[in-house]
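Since the structure is predicted, the reported quantities are computational estimates derived from the model, not experimental observations. Convention: sequence-line order gives letters A, B, ...; per-chain numbering from 1.
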Amino acid sequence: MSEPPVGHLLDAGLLGEPVAAGRQGTAEYVLEAIDLRKRYGHNEVLRGVTFGVHRGDVKAVLGPSGSGKSTMLRCLALLEPVDAGEVRLEGRRIGVRESGGRLVSLPERVLAKERSEIGMVFQRFNLFPHLTALGNVMIGLTEVRGRSKADAREIAQTMIARVGLAERASFYLGELSGGQQQRVAIARALVMNPKVMLFDEPTSALDPELVGEVLAVMEELAREGMTMVVVTHEVGFAKRVADRVIMMDGGAIIEDAPPAEFFGNPQHERTRKFLEAVH
Amino acid sequence: MDFKPSVFFEALTSPAFIDGVRITILLTVVAMAFGLALGLVVALLRASPWAPLRAVAWGYIWVFRAIPALVWLLFVWDALPQLVPAFKGDWFSAFAAATIALAMNEAAYAAEVFRGGLLSIDEGQRLAARALGMPPSRVFTKVIAPQLIRVTIPPLSNDFITMLKLTSLASVISLQELLARTQTLVASTFRFVEYFSAAAIYYLVLVSIFMVIQAQLERRFVWISRQTAGTSALSRVRQLTALR
Ligand SMILES: Nc1ncnc2c1ncn2[C@@H]1O[C@H](COP(=O)(O)OP(=O)(O)OP(=O)(O)O)[C@@H](O)[C@H]1O
Ligand SMILES: [Mg+2]
């Protein structure tokens, strides 16, 4: 009953050039994590996570519950400070600044600016219930990018149509299915023109019949060259779309390989066990 | 039965009475406004990551929920000027004293309402707003506040009605609000039944008007689109299940 996505999601004419476009291509990775460490009390959740994502690549992240996948994404999105390690966006270290020879966490206002360059999609959508679908997509443009209401409305309307929800733009989230909500959430992140999109199990909260419509939008996004990190249990999606697949276990990356290798000939015993379990 | 309708209607329409109503409304609105503002601050302090601030907020709520409003009102009016010279000035009218006392009393209750409201908002809301790149002030005003208002309208409306009735306490510090005017008129006429009935009618009307305003407010915070707003609750439920 919902229209299929019509595509054409990344459109410089609509979204404008990426922020700080001048840096494009100078760094090897768009997003890089170097030895990220994070603990909650005595619980060491990230024990030195290192990986990089090339421009336009899709990195799928697999791993058992509690292995630290969501924590890693929150740290990459600067939603939580790391205890040690670096997050680099297009080669530039983000989240911290040097002060008197020491590294200090940036104040929340400055962090906010840096966050706006990274798109995040949550397992439970986290749409704003007091806004319509259109309002949800507009709010980043008006409140963060400083666009006028009229501009924002036009951009948001177009993006909502491109994720296949033109007819639902004026609906509130109680009136949208889970799949539709997640597509709105993707549109909300996309209009910010992020340099990279992070997805935290974007289809795990959906009824099985609604998974396809969300994956279709994400596949289209990958095809158009968005750089993506996708935590998922959808092995099919990882095989089809990912350029590399990561296996996380106990707060560390134990395997990082192209899908054919990852699924065909996993090096690590834990990966093999995990793949058997999810199949 | 000794009830003279003519005296009753005279009371209802007497200018002194209506002036008392005006002061009652004014005091209710002003004290409530200050009370809500202070209550929000106390609620935010209670959620502060810094323990001493949380302790201050907790102490405030503890003290002001314990002290009877009348005791605190008399303290502010009679004791405060002795304690703090700044309150000896001409500006410190009975209206100012009542505003301060009732607002501080209300703040303790409003803070608890706001705290409950803040706890009821899913942490994912703040997370999504921050992820978009909103600075903390925008996260609060554009995402948290609208949801906070919605869940706190019913309990705060209750507080508003309580406040309207609490303003009658200010008659003891000779503020010429509705009850004080009633008592003055009663003292010269001894028509207790007619005058107190008229006062009761006024409170009833004021609360009724406010209930209409509350209903209107709540309607503004129902987040459904025009397409579905017109249909009945039952067909809406059907529509939602059909959507899934
Ligand atoms: N805010 C927090 N405070 C304390 N502990 C936390 C917090 N967030 C996560 N943890 C702990 O960190 C560990 C990793 O959690 P995380 O949510 O990152 O795992 P995950 O790989 O995303 O799991 P799942 O597949 O269930 O989503 C868990 O032990 C969890 O209890
Ligand atoms: Mg998770």
Would you say [X] has more than 12 foreign heavy atoms packed within less than 6.0 Å of its [atom1]?
{"X": "A/E86", "atom1": "CD", "value": "yes"}
{"X": "B/F34", "atom1": "CZ", "value": "no"}
{"X": "B/W91", "atom1": "CH2", "value": "yes"}
{"X": "A/R88", "atom1": "CZ", "value": "yes"}

*Is a donor on one side and an acceptor on the other found under 3.5 Å between the side chain of A/H130 and the backbone of B/F221?*
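No.
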*asked:* For the backbone of A/L79 and the side chain of B/R130, can you confirm whether one donor and one acceptor N or O come within less than 3.5 Å of each other?
replied: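 Checked: pair present.
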Check [X] against [Y] and note the closest heavy-atom contact, atom names and distance.
{"X": "B/Q125", "Y": "A/L127", "result": "NE2-O, 2.8 Å"}
{"X": "B/A128", "Y": "A/N126", "result": "CB-O, 3.5 Å"}
{"X": "A/Y172", "Y": "B/I224", "result": "CD1-C, 3.3 Å"}
{"X": "A/E175", "Y": "B/S225", "result": "OE2-N, 2.8 Å"}
{"X": "B/G133", "Y": "A/R115", "result": "CA-CB, 4.2 Å"}

_Let's go through A/R74 and B/L127 carefully: what are the C-alpha distance in whole Å and the side-chain angles of both, what is the deciding distance for side chain to side chain contact (heavy atoms under 4.5 Å, CB included) to 0.1 Å, and is it a yes or a no?_
CA-CA 9 Å; A/R74 281 200 306 274; B/L127 205 60; 4.2 Å; yes
*asked:* Taking every non-hydrogen pair under 4.5 Å, which of A/L78, A/I139, A/L173 racks up the most with chain B?
replied: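 Heavy-atom pairs under 4.5 Å are most numerous for A/I139.
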*Winner by heavy-atom pair count (cut-off under 4.5 Å) against chain B, out of A/E114, A/R109, A/E143*: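 Top option by heavy-atom pairs under 4.5 Å: A/E143.
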_Contacting moiety of B/Q147, where chain A heavy atoms sit under 4.5 Å_ =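 Interface part for B/Q147: side chain.
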*Does any heavy atom of chain B fall under 4.5 Å from the side chain of A/I118, the backbone, both, or neither of them?*
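Just the backbone, heavy atoms under 4.5 Å.
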*Is chain B contacted by the side chain of A/F122, its backbone, both, or neither, given a heavy-atom distance below 4.5 Å?*
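Contact with chain B: side chain only.
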*asked:* Using a 4.5 angstrom heavy-atom cutoff, name the option from B/E123, B/R150, B/M134 with the most pairs to chain A.
replied: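 So the answer, after comparing B/E123, B/R150, B/M134, is B/M134.
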_I'd like to know which of B/A131, B/A129, B/S137, B/P135 tops the heavy-atom pair count under 4.5 Å against chain A._
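Sorted descending by pairs with chain A, the first entry is B/A131.
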*How far does OG1 of A/T132 sit from CH2 of B/W223, to the nearest 0.5 angstrom?*
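Atom-to-atom, A/T132:OG1 and B/W223:CH2 are 12.5 Å apart.
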